[in-house]
Structures are given as structure tokens and as C-alpha cells.
Amino acid sequence: MSVKITFPDGAIKEFQSGITALEIAGQLSNSLPKKVLAAEINGEIQDATRPITGDATLKLLTWNDNGGKSTFWHSSAHLMAEAIESLYKGIKFGIGPPIENGFYYDIDTGHNTLTINDLEKIEKKMLELANQKSEFKRKAISKGDAIAYFTEKGDEYKLELLEGLEDGHITFYEQGGFTDLCRGPHIPNTGHIKAIKLMKLAGAYWRGDEKRKQLTRIYGVTFPNQQELDDYLKMLEEAEKRDHRKLGQQLEIYTFDEEVGPGLPLWLPNGGFLIEKIEELAKQTEDEVGYSRVRTPHIAKEALYIRSGHLPYYKESMFPPMELDNVKYYLKAMNCPHHHKIFGAMPKSYKDLPIRLAEYGTCYRYEDSGSLFGLMRVRSLQMNDAHIYCTKEQFESEFRAVNAMYLKYFKIFGIEKYKMRLSKHDPSKLGQKYINEPELWIETEEMVRNVLINSGIPFEEVQDEAAFYGPKIDIQIYSAIGREFTLATNQVDFAQGKRFNLKYINKDNQEEFPIIIHRAPLSTHERFIGFLLEHYAGNFPLWLAPKQIAILPISDKFMTYAEGVASKLKEKGFRVKMDERAEKIGKKIRDAEVMKIPYMTVIGEKEELNGQISVRKHGKGDIGSFSIEDFAVLLQEENKR
RNA sequence: GCCGAUGUAGCUCAGUGGUAGAGCACUUCCUUGGUAAGGAAGAGGUCGCGGGUUCAAUUCCCUUCAUCGGCUCCA
């Protein structure tokens, strides 16, 4: 009996039935079997050691394939579990999957307390066990036997996992002295794992449920050689350098103060400047396409948020109310109810629509203390908010226009790496997390999907991520250290119009509720500037840089000339910073470089004599001498956003 | 909010059961120097806050606050 194997390049070869992918690799080349970690057989990733008994397509997976990597890391999680089990008694294991960069295993440490110091010990043990090149052995097992095994072992977590599995589809994997309930696949043997780094120790709720026991999660990453590990650690170090919290301090953008409160950033002058500049961009952009600017108070009565429906959903994340004359007032956590009241303040005709109300609104949200994160997750925030009230017929063009605005901004800021997500409701949570209008949900989700498809914007759809009042498009971005954030959001609201009794008179003299679009393409100042810091690694484009040109006189003999240069550049609209300190030029340059000021002009005897300036570009070095006029012309183009 | 770690000068960090140190930054003085750190002196800290143990606590213990790594959450 033979089987026909189709390779990715289309080639078809015949092999003896029962041959494994690993054996096939051996027939193709001598070195290949050492690299094969798993096999994609008929589109499904499997152990490379499983016999192939029918015709199949085959792709051999190595470290260079995502499937190879994830199999490698999954096996590494098992290796770590083996090491932990051999070092400590009474450990119970939850789950141990591969993740984007490595793997983790959730464990119940029982009487042991693991600390960071244990990680090194576990790493050593893992290397020792990896060296034994233990094979991963797959074993189909009956549910009864599996239950017996883990009952004997006393691992209630595995027993709980088994409850959800169907008899006849249960497999164990064994390597060395460790057996785990596992679907697989795994690498052929532990010998492939050559470099190991256990990254961190953290708590994680069993099955992600905060009401259940918190287990200890150990994160790790492994590689097939030391070099790759070194490179990876170096990459992490580089990423840390562009962490907005570090840059925010270094470039004097913002600060926190314990007496002010957690999550309440104080914007330093450089940060204040960025805010002004971004706001200028938003106002200009919105003016051009027919938005009106409004302003609303930072607080409102409880009744407003009861009407909007926010209070029951979000009470926990609002600052507690203040009570005056028996009336409760809340700090606003969102601007929408205020804007709705503005819409409702005067009667509206269909001729007035669409109405687009914009405001950089300041909101306060009582985020969990544990979730605060630099500028990316704060408790006071200023949002690039606007609400568009339109008819059903106008919806598509309005929604498209909003998307176009997003793309315009992305172009201005050079944002290429993002993910658009259509966040939908979850039918099983209607009436709880989501407003109970099943048909309207389907209808609006379809409307949004169509706009995205018609505009040719790639997106993915995710359930159970919508706002309570309607579906939304979220723009997902990643922080320097890889954490995922929603940068901006674009939402459809079919509920609040009715709740606020917002009406317009249509052509037929009938009252109708408008559809409301909530949008915040520039996010909040906090998150957007946090993102920009990481995006640009602190090197803001010229138009946005708080200080554009550092004036660096070589000695105070040239101060008068330097001041003349500074005031001429200021007249031409540039933002200059004069360094009058009695420091050497090398020191002044260094300080300007550290502050990432885009241009430096060195001014000394030579310059004063021929009426020029020497220009140095940040990160590049000396770019030669210019007259002030020529320099201004040089910067003109770059200074446009 | 939960698990874990951390908290010493503006910043980065040493250190100790007998009330503290470095580098950078800051102030003053000297230096007037040509493309990433010139020199000297000085000033600056209730060792996060509160409590306990002790003759004595910055150090050991507890509480609390904040930050960090995760989890949960995220309008």
C-alpha cells in the first residue's frame, strides 16, 4: 500500500502507507529532519511523528513557520510543567498554551510559593530535561481512564477540563516523566529546545473568571538556538526604549503626582503643546466637513445618565456621585448624553440633518487601579468626540465620511499598522450587556459591514465587543511592549435617539428618530499622544515637535548673533530653544539630541563672519551651512503636516 | 478589584538594626571651548505614609498608598 503526498509546490510523490512526515523529511534531505517541528497534513497541524495512512497534502513545518513556532512553544510549556513537577511537590496544572511570543502555564502551586528566584532554577531544570531529548508520545485514552489518572493525581483543574471533552477524542501526551491532557500537536522531542527564558510570574484567574481561584501563571519563551534568544531579548530592550512612559518622562511630556491621584496625568509644557497642535488639526479637519463645535459641563445630574442608559451599565467605572440638595451629580464619563441634549434643545427638520456636534470633551472614568497604564489607560481623558445625527438614508455616506477622516489622519501620522475590527453584540447577552433590540442589532451590523466592504477597508469581525447601544468599528493598535489597545472607535447608535426622545420632522411631516454616529478618530489626547510617542519613538515630525530648532552658540561671545538668529527663525514661525548655558558645544549638542529636537544650529565665529548658521539634524549629524533664509526654505516643506 | 514584585535626592540606582551614598540634573565659581557628557565647590532626602517589634528601624513584621508585570474589565 502506498500513499500519494502532495507538497506545497504541487509536486506529488508516493510513499509507503504509514510513513511519518518526519520520515518523509529524511528522504528529502539529510538536514531536514532536524528542523521539522510539526506537519500540516490536509491543512491540519499534526505531530510530525504520526503515521500517514491516506493520500494527503503535506507541508513540513519548521521554526520559520508560525505553526512550527506555536508547536515548539506548546511543547515548551509541557517541558516547563515537567521541570516544575520534578522540582516541587503538590503542583496542579491548569492550561499551558502557546501565545504570540512564547507560552505560559497556569499552575496551582499548592503549599509552594514561587518567586522570581525560582524561575532560574526552573529554566536550568528545563534545559537539563531538554537535553535528554525525550520524545513526545501521543496516546488516545478513554474518558474513564483519563478521569482515573487525574483523580489519582489529585488535579481538579484537569478533571474540570475533561468534563468538557467527549469520550473517544481524548489524548494524552507524555514526555520524560510528565503526562498531560493535551490535544497536541507537539514537536518530535524536547531536544529541539535549546534556549530558554522564563519571563515573568503573574496571577491569572482559572478559566479567565474573576470569581474563581487565581492561579500562578509563568510566561516563558524558548528558541532552537541561543542566538535567537539573544536577538529576542535585545529586541525587547529596544522596545522598552520606545515605551511612552519612559519617553514621556525623558521628553518632558507628562507626569503623575501621588497627591493628584492615580491615572490623572499632568501635562507638562511639551505635552500641552502636542495637545494644542492635535486639537488644531482636529478642529480644522472637522470644520472643513461641516462639524459644529459645542461645549458641555464636566458634570451632570444622575438623571441624565439614567436616561442615556449609561448609569446601570457603567456605574462601577464612574467616579462616585457628589450629592447637593438631595440631588446626585456625576462627573461625566462620556459626552454623548450632553450632546443629545443639545440636539434636543430645539426642534429639528429633516432639512437640518445631518447635524454633527464636536467637542474635545473631558471625561472621568474610574478605571480599575490595576488596569491603569501610563497614558494609555487613565482616569481623566480628553476625547476627540463628535456625534452625528442623521437619517437612515444619510447613514452610509456619513459613516463613510467618518471612515475617510480616519484614513486621512492615519496618513498624516503615518499609521500603517492597525487593525479594524467590527465589534458586534452577543445575542445571548441581549437585555443585559446589550440593549434588547435583536432586529435592530442585525440590521445595523449589516449596515456597518456594507460600508466597510463598499469602501474596500479590510476588517475582522468580533462578537461581544459592541457598545451597549450599537455595533462599532474599533481601531486596534499595539503599545511598544505589545499590549493591544483600541485607539479609536466609530459607533452606531440606534438606541439613544429614542431614549432621549430626539426627533426630527421628515418630509411627510412625521416624527422620526435620527441614527446617531459616535466617533473619535483621534482617540483621547492621552491615548493618542501615548501612541504617538511610541509610534515615532519620540522623534516627532517637524510640524508636531514641541521644539523644532535648538540654537547652540559655541561661546557667549556669539550670543548676540545667536539671539538674532533665534528671533529671525521665530519670526518665520519656527519654535526655537536657545541654549545660553556656559557649556561646551559637545554638551549642548548632546542635550539637544537626547531631547530629540529635530534641528540644531551651531553658531560661532565662522557663522557670525559670513552671516550663516551651521545646521545639524537630529540623528543624522552636521548637514552643512545655510543662510537663515535658505534654512527656512529647507524646513518649509517638512514643516507641513 | 485580584495575584505577584517594587518603593532610598528631580532622574538612574548603591547601601545599612546604631537616623544615608554615587552618577546625572540643579546653584555658584573657573573655563570661551567647533558637532553626543570640561573642571571645582555647594545645595538637596521624615529612606512612600501609618503602626508594631527593639535600648535603637531606612533596614525586621503588619497595614495602607503608589508604581511595575499579568488577570479581569475597558462607554
Side-chain angles (χ1 to χ4, degrees), chain A residues 104 106 109 113-117 199-219 243 245-246 249-250 252 255-263 305 308-311 313-318 332-337 363 365-374 376-378 381 383 385 433 465-470 472 474 481 483-486 489 491 493 496 518 520 524 527 552-559 581-594 600-607 614-623:
Chain A
Y104 66 79
D106 283 346
T109 56
T113 330
L114 289 190
T115 68
I116 314 249
N117 303 325
M199 307 296 288
K200 50 204 168 198
L201 209 58
Y205 300 108
W206 171 234
R207 310 208 104 174
D209 183 345
E210 66 176 319
K211 296 198 176 57
R212 305 202 59 181
K213 182 161 178 160
Q214 193 150 35
L215 305 178
T216 302
R217 175 171 296 180
I218 303 179
Y219 285 91
D243 188 318
R245 292 166 299 182
K246 203 172 185 130
Q249 181 184 297
Q250 185 190 327
E252 297 171 7
T255 189
F256 286 107
D257 184 282
E258 281 201 26
E259 277 188 13
V260 175
Y305 305 111
S308 73
H310 283 101
L311 202 60
Y313 287 96
Y314 301 116
K315 193 170 186 174
E316 290 306 302
S317 30
M318 289 176 77
K332 70 174 169 186
M334 64 294 292
N335 304 301
C336 5
C363 300
R365 297 176 180 181
Y366 195 77
E367 302 287 358
D368 281 348
S369 58
S371 66
L372 300 176
F373 182 76
M376 302 303 252
R377 193 78 179 276
V378 290
L381 43 112
M383 206 190 305
D385 213 354
K433 197 173 168 184
E465 290 285 347
F468 75 86
Y469 43 67
K472 55 179 180 168
D474 289 320
I481 57 169
R483 218 182 276 198
E484 183 175 343
F485 287 90
T486 300
T489 169
Q491 313 171 349
D493 178 351
Q496 289 200 56
H518 303 233
T524 64
R527 195 168 282 184
L552 312 177
I554 296 217
S555 83
D556 54 17
K557 282 189 215 150
F558 315 108
M559 202 60 85
R581 295 173 305 164
E583 295 290 351
K584 287 193 171 180
I585 192 66
K587 169 75 165 167
K588 291 184 179 183
I589 285 171
R590 183 188 145 77
D591 289 347
E593 288 281 355
V594 168
M600 289 146 266
T601 71
V602 174
I603 287 166
E605 191 179 13
K606 201 171 72 192
E607 288 73 19
S614 287
V615 179
R616 183 188 162 97
K617 191 168 181 175
H618 167 69
K620 290 244 161 60
D622 196 346
I623 59 168

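Labels below follow one simple rule: chain letters A, B, ... track the order of the sequence lines, proteins then strands, and each chain is numbered from 1.
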Task: Short N-O contact, A:D209 and A:R207, less than 4.0 angstrom - done: no
- [ ] Using the test side-chain contact (heavy atoms from CB on, under 4.5 Å), find all partners of A:K315 that sit at least two apart in sequence or belong to another chain.
- [x] A:L311, A:Y330
TODO: For nucleotides B:U8 and B:C13, find the distance between their P atoms and express it as a whole number of Å.
DONE: 9 Å
Task: Rounded distance in Å between the P positions of B:A37 and B:G1 - done: 47 Å
- [ ] Run the numbers on A:M334 and A:S308 for side chain to side chain contact (heavy atoms under 4.5 Å, CB included), then give the verdict.
- [x] CA-CA 10 Å; A:M334 64 294 292; A:S308 73; 5.6 Å; no
Open item on the list: Between B:G33 and B:G69, how many Å separate the two C1' atoms, rounded to a whole number?
Closed with: 47 Å
- [ ] May I have the distance from A:K246 (atom NZ) to B:C68 (atom P), rounded to whole angstrom?
- [x] 13 Å
Open item on the list: Base contacts versus sugar-phosphate-only contacts with protein, heavy atoms under 4.0 Å: please encode nucleotides 69-75 of chain B as B, S and - from 5' to 3'.
Closed with: BBBBBBB
TODO: Flag the pair A:E593 and A:R616 as a salt bridge only when some basic side-chain nitrogen lies within less than 4.0 angstrom of an acidic carboxylate oxygen.
DONE: yes
Task: Atom-pair distance (CE on A:M376; C1' on B:U67), nearest Å - done: 18 Å
Task: Dot-bracket encoding of pairs in RNA chain B, which uses [ ] for pseudoknotted crossings and | for another strand, Watson-Crick or G-U under 3.5 angstrom - done: (((((((..((((....[..)))).(((((.......))))).....(.(((..]....))).))))))))....
- [ ] Could you measure between the two P atoms, the one in B:G42 and the one in B:A22, and give it in whole Å?
- [x] 11 Å
Open item on the list: Around atom CD of A:E484, are there more than 12 heavy atoms from other residues, nucleotides or ligands closer than 6.0 Å?
Closed with: yes
Open item on the list: How close do A:T489 and A:K472 get, counting heavy atoms only, and between which atoms?
Closed with: OG1-CD, 3.6 Å
Open item on the list: Ignoring hydrogens, what is the shortest heavy-atom contact between A:R365 and A:L381? Give both atom names and the distance.
Closed with: CD-CD2, 4.1 Å
- [ ] Would you sort out whether A:F256 and A:Q249 count as a side chain to side chain contact (heavy atoms under 4.5 Å, CB included), showing the intermediate values?
- [x] CA-CA 10 Å; A:F256 286 107; A:Q249 181 184 297; over 6 Å; no
TODO: Determine, using ring centers only, whether A:Y314 and A:Y305 are less than 6.0 Å apart.
DONE: no
Listed pairs under 3.5 Å, donor-acceptor, residues 366-373 of chain A side chains, sequence neighbours left out:
residue: A:E367; atom: OE1; partner: A:R377; partner atom: NE; Å: 3.4
residue: A:E367; atom: OE1; partner: A:R377; partner atom: NH2; Å: 2.9
residue: A:S371; atom: OG; partner: A:D368; partner atom: O; Å: 2.9

Open item on the list: Applying side chain to side chain contact (heavy atoms under 4.5 Å, CB included) to A:Y205 and A:R212, what does each step give before you reach the verdict?
Closed with: CA-CA 6 Å; A:Y205 300 108; A:R212 305 202 59 181; 5.6 Å; no
TODO: Evaluate the side chain to side chain contact (heavy atoms under 4.5 Å, CB included) criterion for residues A:H310 and A:Q496: first the C-alpha distance (whole Å), next the side-chain angles of each, then the deciding distance (0.1 Å), finally the verdict.
DONE: CA-CA 10 Å; A:H310 283 101; A:Q496 289 200 56; 3.6 Å; yes
Open item on the list: If I compare all heavy atoms of A:Q214 with all of A:G203, which pair ends up nearest, and what's the gap?
Closed with: NE2-C, 3.5 Å
- [ ] Write down the distance between CG (A:D106) and C1' (B:C2), rounded to a whole number of angstrom.
- [x] 14 Å
Open item on the list: Say we look at B:U6 and B:G45: how far apart would their P atoms be, to the nearest angstrom?
Closed with: 27 Å
Open item on the list: I'd like the C1' distance from B:A66 over to B:G50, given in whole Å.
Closed with: 15 Å
What does the list of N/O pairs under 3.5 Å between the protein and nucleotides 48-50 of chain B look like, with a distance for each?
none

Task: Nearest-Å distance once atom P is located in both B:G15 and B:A9 - done: 15 Å
Open item on the list: Protein within reach of the bases, or only the backbone? For nucleotides 30-35 of chain B, mark each nucleotide 5' to 3' as B, S or -, using heavy atoms under 4.0 Å.
Closed with: -BBBBB
Open item on the list: Taking B:C62 as the reference, what is the distance to B:C74 when you measure between their C1' atoms (whole Å, please)?
Closed with: 34 Å
Task: Taking every non-hydrogen atom, the tightest pair across A:R527 and A:T486 - done: NH1-O, 2.6 Å
